[in-house]
S.K.: 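This is the structure I have questions about; it appears just below.
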Protein chains: 2
Amino acid sequence: MSGTDTARRLVEATQELLWERGYVGTSPRAIQQRAGAGQGSMYHHFGGKPDLARAAVRRSAAQVREAADAVLAREGSARERVRAYLEREREVLRGCRVGGLAQDPDVVADPELRAPLAETFTWLRGRLADVLEEGRAGGEFGPGLDTAGTAAAIVAVVQGGYVLARSAGEPGPFHEAADGLLALLDAHAARATPAS
Amino acid sequence: MSGTDTARRLVEATQELLWERGYVGTSPRAIQQRAGAGQGSMYHHFGGKPDLARAAVRRSAAQVREAADAVLAREGSARERVRAYLEREREVLRGCRVGGLAQDPDVVADPELRAPLAETFTWLRGRLADVLEEGRAGGEFGPGLDTAGTAAAIVAVVQGGYVLARSAGEPGPFHEAADGLLALLDAHAARATPAS
DNA sequence: GTCTATATATAGATAGAC
DNA sequence: GTCTATCTATATATAGAC
């Protein structure tokens, strides 16, 4: 079972390094050191860096989807669940474990590496669209709300918010963008239920 | 003058490579080959890769600001200028020359490399907020429009739209997010001038 | 200003002992 | 399963000739 444990540690170390340094910035040597595993060990369990990266990216993508679903499945209005999703984000300056990899040309060029990214964002947009649709059906938003487009905008604001925050060196811009989007969504809610 | 020309070609080659492969993925060797310059030439004009990268990032940032201002300074309503900015984007799958660098840890860790990114997005958010403010003053939007927050959301949707598009392998998600945001903004416009 | 030679470190992996 | 030795290529630069 020690072997299985080593394989798991190698994948986890790769996940961390991919998050921090991207694919091109992650070396087999760094993975081995962080996992506390030797070279022979790594090449015994995995075919090499691309093989390890594929396992790591699949796992990170699954974790991101799970974390998002945990927030979106909570009780509350659609507006409240969207707000919770936008404000759930932590460690803004670290960026997104999955979205950050889209910047790497070697990732987008490899179908097996890119697939988990595509699946994650397709799923997330659909999940958010479902939440918005529930809200619209319940009269929370006006009937004209473009649920699919709004869902795509929400996901984009989060991913772009990371870019703005990392560029600024502080998390402020992430929250400004998220709050700005929520305020726009509230205008739609106000139309459905005019203020007293 | 040949030296000046070589220096310019080195900077331009570095700009292209930073856009395509990021900082960590760009080698001095690749820069020299793309610029058609020798090693001695490169190290005569620049102190090394970080020095060259600083010049290249500053130039790319200035070009991005110039291109954005060209669109935002055009004639038309605020809504129309925001739409023009969102739809101006080309070559979506290549991403943003400036925002893409925010993913690189070596870029955000170097104050001189990160500064042009911070300046670009601070300027862009302010420029968009000004456009929205003009629209609000002219009665185009309701008085409750959060111009600064909306501006941040617009910039984030563009940067995040690139992430979604590159993840998907096709530009569709970029445009879906942009259209979704515009539709939300239109709800605010509709409140200012109720539909007949 | 540009060229070629040289130098150290790391990337990424294979081979074979244990 | 893990370890050490070894290997080729590249990253990133410096030195000094021309």
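Below, chain A is the first sequence line, B the second, and so on; all start at residue 1. Only a predicted model underlies this, so the values are computations on that prediction, with no experimental measurement involved.
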S.K.: Starting from P on dT10(C), measure out to CZ on Arg29(B) and report it in whole angstrom.
M.R.: 20 Å

S.K.: Expressed as a whole number of angstroms, how long is the span from Gln32(B):CD to dT4(C):P?
M.R.: 12 Å

S.K.: Quick one: do Leu17(A) and Leu113(A) end up in the same hydrophobic cluster if we chain Ile, Leu, Val, Met, Phe, Trp and Tyr together by side-chain heavy atoms under 4.5 Å apart?
M.R.: no

S.K.: To the side chain of Gln39(B), which of dC3(C), dA13(C), dA13(D) is closest?
M.R.: dA13(D)

S.K.: From the set dT14(D), dG1(D), dA13(C), return the single nucleotide nearest to any side-chain atom of Tyr43(A).
M.R.: dA13(C)

S.K.: Rounded to whole Å, please give me the gap between CE in Met42(A) and C1' in dT4(D).
M.R.: 16 Å

S.K.: The side chain of Lys49(B) lies closest to which of these nucleotides: dG1(C), dA13(D), dA13(C)?
M.R.: dA13(D)

S.K.: Tell me whether Asp69(A) is salt-bridged to Arg65(A), with the criterion being a basic N under 4.0 Å from an acidic carboxylate O.
M.R.: no

S.K.: Once you round it to whole Å, what is the distance between C1' of dA13(D) and NE2 of His45(B)?
M.R.: 17 Å

S.K.: What do the steps show when you test Ile31(B) against Thr26(B) for side chain to side chain contact (heavy atoms under 4.5 Å, CB included), and what is the final call?
M.R.: CA-CA 7 Å; Ile31(B) 293 170; Thr26(B) 296; 3.8 Å; yes

S.K.: From NE2 of His44(A) over to C1' of dC18(C), roughly how many Å is that when rounded to an integer?
M.R.: 14 Å

S.K.: Respond yes when some side-chain nitrogen or oxygen of Thr6(B) is under 4.0 Å from OP1 or OP2 of dG1(C), and no when none is.
M.R.: no

S.K.: Could you tell me how far apart Gln33(A) (CD) and dT2(D) (P) are, to the nearest whole angstrom?
M.R.: 17 Å

S.K.: Rounded to the Å, how far apart are Phe46(B) CZ and dT14(D) C1'?
M.R.: 18 Å

S.K.: By nearest heavy atom, map Gly40(A) and Ser27(A) onto DNA chain C; which one lands nearer the 5' end?
M.R.: Ser27(A)

S.K.: What is the distance, to the nearest angstrom, from the CD1 atom on Ile31(B) to the P atom on dT10(D)?
M.R.: 17 Å

S.K.: Show your reasoning for whether side chain to side chain donor-acceptor pair (under 3.5 Å) applies to Arg97(B) and Gln63(B).
M.R.: CA-CA 10 Å; Arg97(B) 275 173 293 182; Gln63(B) 290 172 340; 3.1 Å; yes

